[in-house]
2 protein chains.
Amino acid sequence: MKLSKTSEYALRILIYMSQSPDQLYTAKQLVKELKVSDKYLRRLMTDLSKSGFIRSIQGRDGGYTFIKGPDEIMLYDIIDSVEGMDKLNGCLLGFESCSSSNPCAMHYLWMNLRTDLNKVFRETKLSDMDFNKILRY
Amino acid sequence: MKLSKTSEYALRILIYMSQSPDQLYTAKQLVKELKVSDKYLRRLMTDLSKSGFIRSIQGRDGGYTFIKGPDEIMLYDIIDSVEGMDKLNGCLLGFESCSSSNPCAMHYLWMNLRTDLNKVFRETKLSDMDFNKILRY
DNA sequence: ACTATATACTACCTCGTTGTATTATTTACT
DNA sequence: AGTAAATAATACAACGAGGTAGTATATAGT
């Protein structure tokens with residue numbers, strides 16, 4: 001029912017950047033706009049570039065820019081890359097052995113809910129975000 | 001998208017106990033059946049009795065039994081008492097200032113999903129659980 | 001009163017997540 | 001070549017959730 005801070009930040013950053021996807025964003029700029037700590041953001045940006053969402057350009061006049069277009073990136077992909085979407089899809093009661101053939105008491109109830117959750121995150125693109133509503137802090 | 005371990009355990013325990021709600025359950029018995037660590041379960045049971053779901057009976061021949069009937073306890077109440085349902089209902093992007101009048105880019109998307117989640121947990125009773133599907137471990 | 005068996009309470013330990021500090025590397029410009 | 005401005009990488013600190021140990025307290029049966 002809640003994402004990790006890392007997912008929060010990743011989404012914040014990429015949603016923010018997708019306002020003008022061709023622009024080169026510096027860490028300094030993102031830190032200022034999004035109020036994520038400098039060091040933490042930089043580390044996260046490295047992860048995001050390793051995951052292939054953005055390219056990092058080192059050196060003077062460097063920064064970060066998109067590789068894929070925001071219309072090619074699903075919210076699911078972002079969350080999956082930073083915290084693992086499968087973690088969120090386990091048994092709600094924490095039973096290792098829970099499955100459709102051996103369901104726990106809440107299995108079908110939870111399955112329906114999480115199917116909807118997954119569907120939305122799988123089908124929503126970064127570019128579907130409403131850019132009139134970019135909060136900063 | 002996931003509950004805390006404490007919520008998992010609380011649900012496990014109460015769902016298990018609601019199989020025969022008038023029975024007196026000892027910690028030892030619950031530990032054995034549900035594979036939750038002895039000390040942790042005991043501490044959690046104290047919390048659950050303070051929250052008014054169960055009564056604890058100390059001393060020899062003591063144990064735990066329901067106060068309210070399982071048809072009076074909503075899943076929402078259990079989760080809310082052990083981890084605070086409000087924590088799960090915050091802004092998905094972690095913006096403090098996010099609200100309907102000042103929404104973040106994902107506000108309405110997330111609002112719809114979490115409304116469904118809340119609805120199900122608010123409307124589902126402990127006694128609605130399928131007791132043919134009580135997994136133990 | 002004593003004992004066995006149960007819960008209550010307090011303090012501590014462990015570990016993953018979050019956040020910070022420091023140093024190294026890369027690149028454009030002059 | 002030298003400098004300034006940017007990212008990369010690594011190590012470590014702080015915190016909270018989860019889990020454990022040990023002691024105190026309560027109660028039924030004898």
Side-chain angles (χ1 to χ4, degrees), chain A residues 1-13 17 23-67 79 81-84 87-88 90 93-94 137, chain B residues 1-13 17 23-32 34-67 79 81-84 87-88 90 93-94 96 137:
Chain A
M1 254 68 67
K2 201 167 179 318
L3 299 176
S4 69
K5 281 284 172 195
T6 306
S7 290
E8 276 183 28
Y9 294 160
L11 287 171
R12 273 199 215 184
I13 292 163
M17 286 177 67
Q23 187 178 331
L24 189 75
Y25 293 88
T26 64
K28 187 184 284 185
Q29 190 180 352
L30 294 171
V31 164
K32 192 182 168 196
E33 293 294 330
L34 296 172
K35 299 278 190 287
V36 178
S37 103
D38 183 72
K39 299 295 166 56
Y40 200 69
L41 181 135
R42 286 168 192 277
R43 207 177 54 183
L44 182 51
M45 295 311 275
T46 304
D47 292 342
L48 290 175
S49 66
K50 281 180 181 160
S51 301
F53 298 116
I54 54 176
R55 176 189 3 259
S56 71
I57 299 164
Q58 283 191 323
R60 184 172 162 161
D61 298 349
Y64 304 97
T65 187
F66 277 105
I67 294 178
I79 300 169
S81 85
V82 298
E83 73 178 301
K87 266 202 303 187
L88 308 178
L93 301 182
Y137 48 84
Chain B
M1 254 69 66
K2 201 166 180 317
L3 299 177
S4 69
K5 280 284 172 196
T6 306
S7 291
E8 277 184 27
Y9 294 161
L11 287 170
R12 272 200 215 184
I13 292 163
M17 286 177 66
Q23 187 177 332
L24 188 76
Y25 294 88
T26 64
K28 186 183 285 184
Q29 190 181 352
L30 294 171
V31 164
K32 192 182 167 195
L34 295 171
K35 299 278 190 285
V36 178
S37 100
D38 184 70
K39 294 295 167 57
Y40 200 66
L41 180 134
R42 286 170 193 275
R43 207 177 55 179
L44 181 52
M45 295 310 275
T46 303
D47 291 343
L48 290 175
S49 66
K50 280 179 182 162
S51 300
F53 298 116
I54 53 176
R55 176 190 359 262
S56 70
I57 298 167
Q58 283 191 323
R60 183 170 164 167
D61 299 347
Y64 303 98
T65 187
F66 276 106
I67 295 178
I79 300 169
S81 85
V82 297
E83 74 177 302
K87 266 202 303 188
L88 309 177
L93 300 182
E96 289 289 336
Y137 48 85

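In this text, all values refer to a predicted model and were calculated from it rather than measured experimentally. All values below were derived from every heavy atom in this structure, side-chain atoms included, with hydrogens, water molecules and symmetry-related copies excluded. Residue numbering restarts at 1 for every chain, and letters A, B, ... go by the order of the sequence lines.
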S.K.: Minimum heavy-atom separation for B:L24 and B:G62, please, with both atom names.
M.R.: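 Scanning both residues completely, I find the closest heavy atoms to be CD2-O, 3.6 Å.
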S.K.: Report yes if a side-chain nitrogen or oxygen of B:K28 is closer than 4.0 Å to either non-bridging phosphate oxygen (OP1 or OP2) of C:dT5; otherwise report no.
M.R.: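 For C:dT5, OP1/OP2 do not have a side-chain N/O of B:K28 under 4.0 Å.
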S.K.: Could you pull out the closest heavy-atom pair between A:L93 and B:E8, with the gap in Å?
M.R.: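 Smallest interatomic distance, heavy atoms only, reads O-OE1, 3.5 Å.
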S.K.: I need the NZ-C1' distance between A:K39 and D:dA8, as an integer number of Å.
M.R.: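 Those two atoms, NZ and C1', are 13 Å apart.
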S.K.: Go through the steps to decide whether A:T6 and A:D47 satisfy the test side chain to side chain contact (heavy atoms under 4.5 Å, CB included), and finish with yes or no.
M.R.: CA-CA 11 Å; A:T6 306; A:D47 292 342; 6.0 Å; no
S.K.: From CZ of B:R42 over to P of D:dG22, roughly how many Å is that when rounded to an integer?
M.R.: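 After rounding, the gap between these two atoms is 15 Å.
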S.K.: Provide the closest heavy-atom pair for A:A10 versus A:L44 in the form atom of the first, atom of the second, distance.
M.R.: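 For A:A10 versus A:L44, the nearest heavy atoms are N-CD2, 3.8 Å.
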S.K.: Rounded to whole Å, please give me the gap between NZ in A:K2 and P in C:dT17.
M.R.: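 It is 14 Å, rounded to the nearest whole Å.
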S.K.: Output one line per pair: protein atom, nucleotide atom from nucleotides 27-30 of chain C, and distance, for all N/O pairs under 3.5 Å.
M.R.:
residue, atom, partner, partner atom, Å
C:dT27, O2, A:R60, N, 3.1
C:dA28, O3', A:D61, OD2, 3.4

S.K.: Verify, without hydrogens or angle tests, whether A:S49 (side chain) and A:R55 (backbone) share a donor-acceptor contact under 3.5 angstrom.
M.R.: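 Here the side-chain-to-backbone pair does not exist.
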S.K.: Show the nearest heavy-atom pair for residues A:R12 and A:L34, with the distance to one decimal.
M.R.: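 Closest heavy-atom pair between A:R12 and A:L34: NH1-O, 3.0 Å.
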S.K.: Check nucleotides 15-19 of chain D for protein N or O atoms closer than 3.5 Å to its own N or O atoms and list the pairs.
M.R.:
residue, atom, partner, partner atom, Å
D:dG18, OP1, B:K5, N, 2.9
D:dG18, OP2, B:T6, OG1, 3.0
D:dG19, OP2, B:Y9, OH, 3.1
D:dG19, N7, B:R43, NH2, 3.4
D:dG19, O6, B:R43, NH1, 3.2

S.K.: What's the CG-C1' distance between B:D38 and C:dA8, to the nearest Å?
M.R.: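 B:D38 atom CG is separated from C:dA8 atom C1' by 13 Å.
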S.K.: Within residues 47-55 of chain A, which residues have any heavy atom lying less than 4.0 Å from an atom of DNA chain C?
M.R.: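 Correct list: empty, so none.
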S.K.: I'd like to check A:K2 versus B:E83 (side-chain heavy atoms, cut-off strictly below 4.5 Å). Are they in contact?
M.R.: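 SC-SC contact between A:K2 and B:E83 ruled out.
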S.K.: How many Å lie between OH on A:Y64 and P on D:dA5, as a whole number?
M.R.: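 Atom-to-atom, A:Y64 to D:dA5, this comes out as 17 Å.
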S.K.: Which atom pair, heavy atoms only, marks the closest approach of A:M17 to A:I54?
M.R.: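 Closest heavy-atom pair between A:M17 and A:I54: CE-CG2, 4.0 Å.
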S.K.: Rounded to the nearest angstrom, tell me the gap between atom CG in B:L30 and atom C1' in C:dT7.
M.R.: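 So the CG-C1' distance, B:L30 to C:dT7, works out to 13 Å.
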S.K.: Please find the pair of heavy atoms, one from A:S7 and one from A:I79, that lie closest to each other, and give the distance.
M.R.: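 Result for this residue pair: OG-CG2, 4.0 Å.
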S.K.: Do A:R42 and A:D38 sit within salt-bridge range, that is, some charged N less than 4.0 Å from a carboxylate O?
M.R.: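 Between A:D38 and A:R42 there is a salt bridge, with a charged N closer than 4.0 Å to a carboxylate O.
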S.K.: Round to a whole Å and report the spacing from CG of A:L24 to P of D:dA6.
M.R.: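 Value for this atom pair: 10 Å.
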S.K.: Just to confirm, is there a sub-4.0 Å distance from OP1 or OP2 of D:dA6 to any side-chain nitrogen or oxygen of A:T26?
M.R.: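 So the side-chain polar atoms of A:T26 never come under 4.0 Å of the phosphate oxygens OP1 or OP2 of D:dA6.
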